[in-house]
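Below: one structure in structure tokens.
Throughout, a chain's letter reflects where its sequence line sits, starting with A, and its residues are numbered from 1. No hydrogens, no waters, no symmetry mates; every other heavy atom, side chains included, goes into these values. Everything numeric here is computed off the predicted structure, so don't read it as measured data.
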Amino acid sequence: MVLELEKRLSDRLRAVLKNRFELDIGSIPLETPPDLGLGEIATPIAFELARKLRKAPKIIAQEIVAALLADLGLLPGFAKFEVAGAGYINAYLDRAEAVQLVVPAEGRLPSAQGHVLVEHTSINPNKAAHIGHLRNAILGDTFVRLLRAAGYKVDVQNYIDNTGVQVADVVVGFLHLEKKTVAEVHALVTELASNGQLIDYYCWDLYARTSQWYGEGTDEEKTARKQLRLDTLHLIERGGNDTAEIADLISTAVLRRHLETMLRLGIEYDFLPRESEILHLKFWEAAFEKLKQSGVLYFEDEGKNKGCWVMNRPGAETKENETDDDAKVIVRSNGTVTYVGKDIAYHLWKFGLLGKDFGYKRFFTYPDHECWISAESGEPSHPHFGGATAIYNVIDARQSDPQANVIQALRGMGYTDQADHYTHFSYEMVALTPRCAVELGYEISEVDKQKSYIEVSGRKGFGVKADDLIDKLIAATRAEVDSRQTSHDAAVRQKIAEQIAIGALRYFMLKVTRNSVIAFDFKDALSFEGETGPYIQYAVVRIRNIFRKGNTTPDAVLADFAGLPAASLGAYLAGEANQDIWSLWLRAGRRSQVIEQCIATSEPAYLAKHAFQLAQEFANFYHRHHILTEVDPARKTFLLSTAAIALRELVGSLALLDIESPEAM
RNA sequence: GGGCGAGUAGCUCAAUCGGAUAGAGCACCGGCCUUCUAAGCCGGGGGUUGUGGGUUCGAUUCCCGCCUCGCCUACCA
């Protein structure tokens, strides 16, 4: 509703400025006044025009308002306009008309065009997922839901680096610390699965042990171990040997665990491109030719990068006949390609610019769709991925440099449109508070104790595993549900506890904007009061109880609502006494506006905030108006309608955050 | 050294393109359950927005200097 009315207003303002002042203003700045006494929509446009027109802003505002009022019929939904302060123009909505716009639909946007590819999660398949990975996946998954709500066709990808050093490190652990053969590793994977034990947990410890082992022993031993690590990496990259087989076995088993963990949070994927295929299907070779042809890569024959193929960094000033030692190495002097090089090839594929494709195999089945994985020679019949018009990479802020290099390469090759539609959806890490680290039994240094947070480290095995956190949250909510829901049986209580726990976790990760570090603490994460998922879910449960006790349904109530005359609607929404009700309707009418804002800024936190504020306004309404004891039947219908719309908007907003709305709590 | 980000209430965070009186939650203090669920509501104290300048009708927001913190900056992936 608000989005629609804002569009009407800015169109009308543009027309007024054109007719009256012969001005063509591209976009009219609109904002929300600080309180409802000053209207619902405001514009400070008169301030901007003051200098251009050589007039006081107040005079300009008065002229604009006079023009708007003269043709008020051209602006359905608006009641009046006023000049306030030094020159603000405040618009007051026709409240009865506005709520009638909210009832039929909210959350719809003019359908967006385009095929979008979102990549998220992308955990190295060598250990269990931890809280940092949860932030990534939850952010990505929520953004996918927002894009789909706006009408985009979206494919969800989870990139799997199954041939990297991290996988190599656990393979070194299996081969040289545990001295296992391929057959023994195979047996271990089977045995763990049959005992209900988790391979990713097993690898979590082994990876930490191996990392520690590299740094132990004499200098000679250290050098030898380092070499062992490199040799193992190369064997895995090459493929077709026992070492690579172990890597494949482990990374596939761990990957499956990651998909299971994420599914607990309702997160699903469409395609899992793997680095092994990027290597074996020679994506890089194809990209290398294009990069050389376009001049993005050049051979350095001087300076510290002598013998390498390099590219200039974004913003680098290139001087004639001078070696740029700051250039990014893409092909090393020994002929091997760096990570960024492979990433450029992969991103050319994402935009359909590489001239090559993966093979595809089925990998994981969700209730309503299949998740595919890359393969050298796949199934004959398969969907096609890649060839997107816009991409979003949910990757933490520490990788902004390599991401910028990939974008720079695309731009350098002349793919400016693609570069413009390449979004590094960056976010800050999840760290632990020192208190939390101590609670988990880690020994931390005096220096770390003074910090407000400590970075988690898979290498050190330092962190909170995702499944452990989810289990802990469910246990905590289950205890609470058991004490409240004595009439429900255990299965129902468990279901409710899971919905609340997952809701709390997702909200916890989403309420903070992307670029702030989350200092994780069990105290905050296990809190279900105040600005949390459960607070919002609680509002939903209360509304459902009203309908249950009132023996009616939202649909029935809204059908009656249609029969209410506009005049009585206006009366129910007018004045100071009803301001909380109007405020709730107004908030309910903002979903489309919020979705649009989230997409424009790549920031799901605005939707989380919106859902919370809506719940808060409902809680306020709930305490001030006792609905079921209202004696005037028409007003009772109106109050019930207010609850019905609040319910619809709360459930709808939560669904976009993939937070379920329990029946009881 | 260079690049990026951050510094806002005791703590954790918001604040739309530069807009009106800088807002929430937690914590603390005081009230509210025979009423549609108290995972709730109401009230209270709490701020020189790191610091010094500048730009202008207007700065938490933009520019410059300084201070503090984090991350990135390898022929690692």
Side-chain angles (χ1 to χ4, degrees), chain A residues 27 29-35 38 42-44 47-48 50-51 56-57 84-88 90 124 161 163-168 229-230 233 275 304-310 313-315 326 328-334 336 338-340 342-343 396-402 404 426 428-429 431 433 451-453 455 477 480-481 484-485 500 504 511-513 515-519 521 523-524 527-532 534-535 537-539 541-550 593 597 600-601 603 605-606 609 612-613 616 619-620 622-629 643 664-665:
Chain A
S27 72
L30 294 180
E31 55 196 49
T32 306
D35 71 86
L38 295 168
T43 177
F47 296 112
E48 274 178 39
R51 193 183 299 153
Y88 282 96
N90 291 333
N124 277 301
D161 186 4
T163 56
V165 272
Q166 293 214 23
V167 167
R229 185 190 197 196
L230 263 179
L233 176 63
E275 189 178 64
K304 80 175 178 85
N305 296 331
K306 187 176 175 179
C308 299
W309 287 88
V310 301
R313 288 173 192 274
D326 196 38
K328 181 75 193 168
V329 172
I330 302 298
V331 181
R332 304 182 188 98
S333 56
N334 67 6
T336 57
T338 61
Y339 171 75
V340 172
K342 283 180 271 188
D343 221 20
D396 79 81
R398 286 169 291 192
Q399 294 201 49
S400 63
D401 198 54
S426 87
E428 273 294 345
M429 61 184 171
T433 62
K451 294 182 177 169
S452 57
Y453 57 82
E455 190 177 350
T477 47
E480 195 70 22
V481 170
R484 292 160 187 261
Q485 303 297 329
I500 296 171
K511 72 173 172 180
V512 179
T513 49
N515 63 0
S516 91
V517 176
I518 293 179
D521 198 312
K523 184 178 137 288
D524 297 331
S527 148
F528 310 128
E529 289 168 15
E531 194 185 349
T532 64
Y535 174 93
Q537 291 172 317
Y538 190 63
V541 168
R542 282 175 144 180
I543 301 175
R544 288 194 174 140
N545 281 337
I546 294 170
F547 285 97
R548 195 172 298 132
K549 293 240 169 143
Q593 185 192 29
Q597 187 193 11
T601 55
E603 184 54 88
Y606 296 125
K609 185 69 84 183
F612 173 66
Q613 287 173 330
Q616 221 174 16
N620 185 274
Y622 179 89
H623 283 275
R624 287 185 52 170
H625 310 277
H626 202 271
I627 299 171
L628 294 179
T629 52
M665 63 188 282

Query raised in the report: Taking only N and O in the side chain of A:Arg332, is any of them less than 4.0 Å away from OP1 or OP2 of B:rC76?
Result: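 Answer is yes, contact under 4.0 Å.
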Requested in this report: Mind calculating the distance between NZ (A:Lys511) and C1' (B:rU12) to the nearest angstrom?
Outcome: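 So the NZ-C1' distance, A:Lys511 to B:rU12, works out to 8 Å.
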Requested in this report: Ignoring the backbone of A:Glu531, work out which of B:rA24, B:rU16, B:rA20 is nearest its side chain.
Outcome: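 Taking heavy atoms from C-beta onward, the closest nucleotide is B:rA24.
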Query - Derivation and outcome, side chain to side chain contact (heavy atoms under 4.5 Å, CB included), residues A:Met665 and A:Val481 - result: CA-CA 6 Å; A:Met665 63 188 282; A:Val481 170; 5.7 Å; no
Query raised in the report: In whole angstroms, how far is the C1' atom of B:rC17 from the CD atom of A:Glu31?
Result: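 About 10 Å, once rounded to whole Å.
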Query raised in the report: When you compare B:rG7 with B:rU51, how far apart are their C1' atoms, in angstrom units rounded to a whole number?
Result: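 Result for the C1' pair: 11 Å, nearest Å.
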Query - N/O donor-acceptor pair under 3.5 Å between A:Asn305 side chain and A:Cys308 backbone - result: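 No, the answer is negative, given that no donor and acceptor are paired below the 3.5 Å cut-off.
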Query raised in the report: Is there a Watson-Crick or G-U wobble partner for B:rU68 with both distances under 3.5 Å, and which nucleotide is it?
Result: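 Partner of B:rU68: B:rA6.
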Report task. Give A:Asp396 one of three labels, base, sugar-phosphate or nothing, depending on what nucleic acid heavy atoms sit under 4.0 Å from its own. Result ->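 The answer is nothing, as A:Asp396 stays clear of every strand by at least 4.0 Å.
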**Report entry** Between B:rU49 and B:rA59 - C1' atom distance, rounded Å
**Finding:**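 About 11 Å, rounded to a whole number of Å.
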Requested in this report: Could you work out the separation of B:rC64 and B:rA27 based on their P atoms and round it to a whole Å?
Outcome: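 After rounding to an integer number of Å, I get 42 Å for this pair.
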Query raised in the report: Could you state the CG-C1' distance from A:Asp521 to B:rU12, rounded to the nearest angstrom?
Result: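 For the pair A:Asp521 CG and B:rU12 C1', the rounded distance is 10 Å.
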Query raised in the report: Which heavy atom in A:Ile627 sits nearest to a heavy atom in A:Ala643, and how many Å separate them?
Result: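 For A:Ile627 and A:Ala643, the tightest heavy-atom pair comes out as CD1-CB, 4.2 Å.
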Query raised in the report: Between A:Tyr535 and A:Phe612, is the ring centre distance below 6.0 Å?
Result: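 Judged by ring-centre distance (under 6.0 Å), A:Tyr535 and A:Phe612 do meet the cut-off.
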Query raised in the report: Under 4.0 angstrom, heavy atoms only, what part of the nucleic acid is A:Glu455 near: base, sugar-phosphate, or nothing?
Result: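 Sugar-phosphate, backbone atoms only, no base.
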Report task. Pick base, sugar-phosphate or nothing for A:Lys306, based on heavy-atom distances below 4.0 Å to the nucleic acid. Result ->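 Base contact.
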Query raised in the report: Rounded to the Å, how far apart are A:Lys609 NZ and B:rG25 P?
Result: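 To the nearest whole Å, that distance equals 9 Å.
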Query - Heavy-atom pair with the smallest gap, counting every atom of A:Leu233 and A:Thr163 - result: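 Heavy-atom minimum between the residues: CD1-O, 3.3 Å.
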Query raised in the report: Within this structure, what is the CD-to-C1' distance between A:Glu603 and B:rC13, rounded to whole angstrom?
Result: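 Result: 12 Å.
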**Report entry** Syn-anti status, with the boundary at 90° from 0, for the nucleotide B:rC13
**Finding:**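 For B:rC13, whose glycosidic angle is more than 90° from 0, the conformation is anti.
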Query raised in the report: Looking only at heavy atoms, which two atoms of A:Ile500 and A:Pro534 are closest? And how far apart?
Result: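 Residues A:Ile500 and A:Pro534, closest heavy atoms: CG2-CG, 3.7 Å.
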Query raised in the report: What's the verdict on side chain to side chain donor-acceptor pair (under 3.5 Å) for A:Arg542 and A:Asn545, showing C-alpha distance, side-chain angles and the deciding distance?
Result: CA-CA 5 Å; A:Arg542 282 175 144 180; A:Asn545 281 337; over 6 Å; no
Report task. For A:Asp524 and B:rC13, give me the distance from atom CG to atom C1', rounded to whole Å. Result ->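 For the pair A:Asp524 CG and B:rC13 C1', the rounded distance is 11 Å.
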Query raised in the report: Taking CD from A:Gln613 and C1' from B:rG23, how many angstroms apart are they, rounded to a whole number?
Result: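 Taking atom C1' of B:rG23 as the reference, CD of A:Gln613 is at 10 Å.
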Requested in this report: Give A:Ala539 one of three labels, base, sugar-phosphate or nothing, depending on what nucleic acid heavy atoms sit under 4.0 Å from its own.
Outcome: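 It contacts nothing in the nucleic acid.
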**Report entry** Carboxylate-amine/guanidinium contact A:Glu428 A:Arg398, below 4.0 Å
**Finding:**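 Not counted as a salt bridge, because no side-chain N and carboxylate O are separated by less than 4.0 Å.
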Report summary line: Per-nt protein contacts along nucleotides 36-46 of chain B (heavy atom under 4.0 Å; B base, S backbone sugar-phosphate only, - none) come out as BBSBSSS----
**Report entry** 5'-most by nearest nucleotide on RNA chain B - A:Glu428 or A:Thr601
**Finding:**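 Here A:Glu428 is the residue nearer the 5' end.
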Requested in this report: Quote, to the nearest angstrom, the C1' distance that separates B:rC32 from B:rA38.
Outcome: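 Approximately 9 Å lies between the C1' atom of B:rC32 and that of B:rA38.
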**Report entry** C1' gap between B:rG30 and B:rC71, integer Å
**Finding:**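 These two C1' atoms come out 45 Å apart once rounded.
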Query raised in the report: Quantified in whole Å, what is the P atom distance between nucleotide B:rU16 and nucleotide B:rA24?
Result: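 Per the computed distance, 16 Å lies between those P atoms.
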Requested in this report: Over all heavy atoms of both residues, which pair between A:Pro33 and A:Ala42 is shortest? Give the atoms and the distance, please.
Outcome: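 Heavy atoms of A:Pro33 and A:Ala42 come nearest at CG-CB, 3.9 Å.
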Requested in this report: Using a 4.0 Å heavy-atom cut-off, write out nucleotides 54-60 of chain B from 5' to 3' as B (base contacted by protein), S (sugar-phosphate only) or - (no contact).
Outcome: --SB---
Requested in this report: Searching all strands shown, indicate the nucleotide that pairs with B:rG1 (Watson-Crick or G-U wobble; both distances under 3.5 Å).
Outcome: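 Matched B:rG1 with B:rU73 under the 3.5 Å cut-off.
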**Report entry** Nearest-nucleotide comparison on RNA chain B, the residue closer to the 5′ end among A:Ser516 and A:Ser400
**Finding:**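 First, find each residue's nearest nucleotide; the 5'-ward one identifies A:Ser400.
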Report task. Look at the side-chain N and O atoms of A:Tyr606 and state whether any lies under 4.0 Å from the OP1 or OP2 oxygen of B:rA15. Result ->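 Affirmative; the distance criterion is met.
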Query raised in the report: Looking only at heavy atoms, which two atoms of A:Ala664 and A:Gln485 are closest? And how far apart?
Result: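 In this case the closest contact between A:Ala664 and A:Gln485 is CB-OE1, 3.8 Å.
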Query raised in the report: Glycosidic conformation of B:rC26, syn or anti, with 90° from 0 as the boundary?
Result: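 Anti.
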Query - Mate of B:rA15 where both pairing distances stay under 3.5 Å, Watson-Crick or G-U - result: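 By the stated definition (distances under 3.5 Å), nothing pairs with B:rA15.
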Requested in this report: Check whether the ring centres of A:Tyr538 and A:Phe528 lie less than 6.0 Å apart, and answer yes or no.
Outcome: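 No, ring centres 6.0 Å or more apart.
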Query raised in the report: Does any donor-acceptor pair link the side chain of A:Ser333 with the base of B:rC75 at a separation under 3.5 Å?
Result: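 Between B:rC75 and A:Ser333, which were checked side chain against base, a qualifying N/O pair under 3.5 Å is present.
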**Report entry** Span that lies between the C1' atom of B:rC13 and that of B:rA6, in whole angstrom
**Finding:**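 The answer is 13 Å between these two C1' atoms.
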Query raised in the report: Backbone N or O of A:Gln597 within a donor-acceptor pair of the A:Thr601 side chain at under 3.5 Å?
Result: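 Yes.
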Query raised in the report: Within the pair A:Lys304 and B:rC75, is there a side-chain N or O less than 4.0 Å away from OP1 or OP2?
Result: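 Answer yes for this pair, as a side-chain N or O of A:Lys304 is under 4.0 Å from OP1 or OP2.
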Report task. To the nearest Å, give me how far apart NZ (A:Lys523) and P (B:rG10) are. Result ->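 So the NZ-P distance, A:Lys523 to B:rG10, works out to 16 Å.
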Query raised in the report: Do the side chain of A:Asp343 and the base of B:rA77 come within less than 3.5 angstrom through a donor-acceptor pair of N or O atoms?
Result: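 In this structure, the two groups form no donor-acceptor pair.
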Query raised in the report: Out of B:rC75, B:rA20, B:rU16, which nucleotide sits closest to the side chain of A:Asn305?
Result: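 The answer is B:rC75, which lies nearest to the side chain.
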Query raised in the report: Would you call A:Asp401 and A:Arg313 a salt bridge, taking side-chain N to carboxylate O under 4.0 Å as the test?
Result: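 So A:Asp401 pairs with A:Arg313 through a salt bridge.
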Report task. For B:rG19 versus B:rC72, give the span between their C1' atoms, rounded off to a whole number of Å. Result ->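 Per the computed distance, 35 Å lies between those C1' atoms.
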Requested in this report: May I ask which nucleotide in the shown strands pairs with B:rG40, Watson-Crick or G-U wobble, both distances under 3.5 Å?
Outcome: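 Paired with B:rC32.
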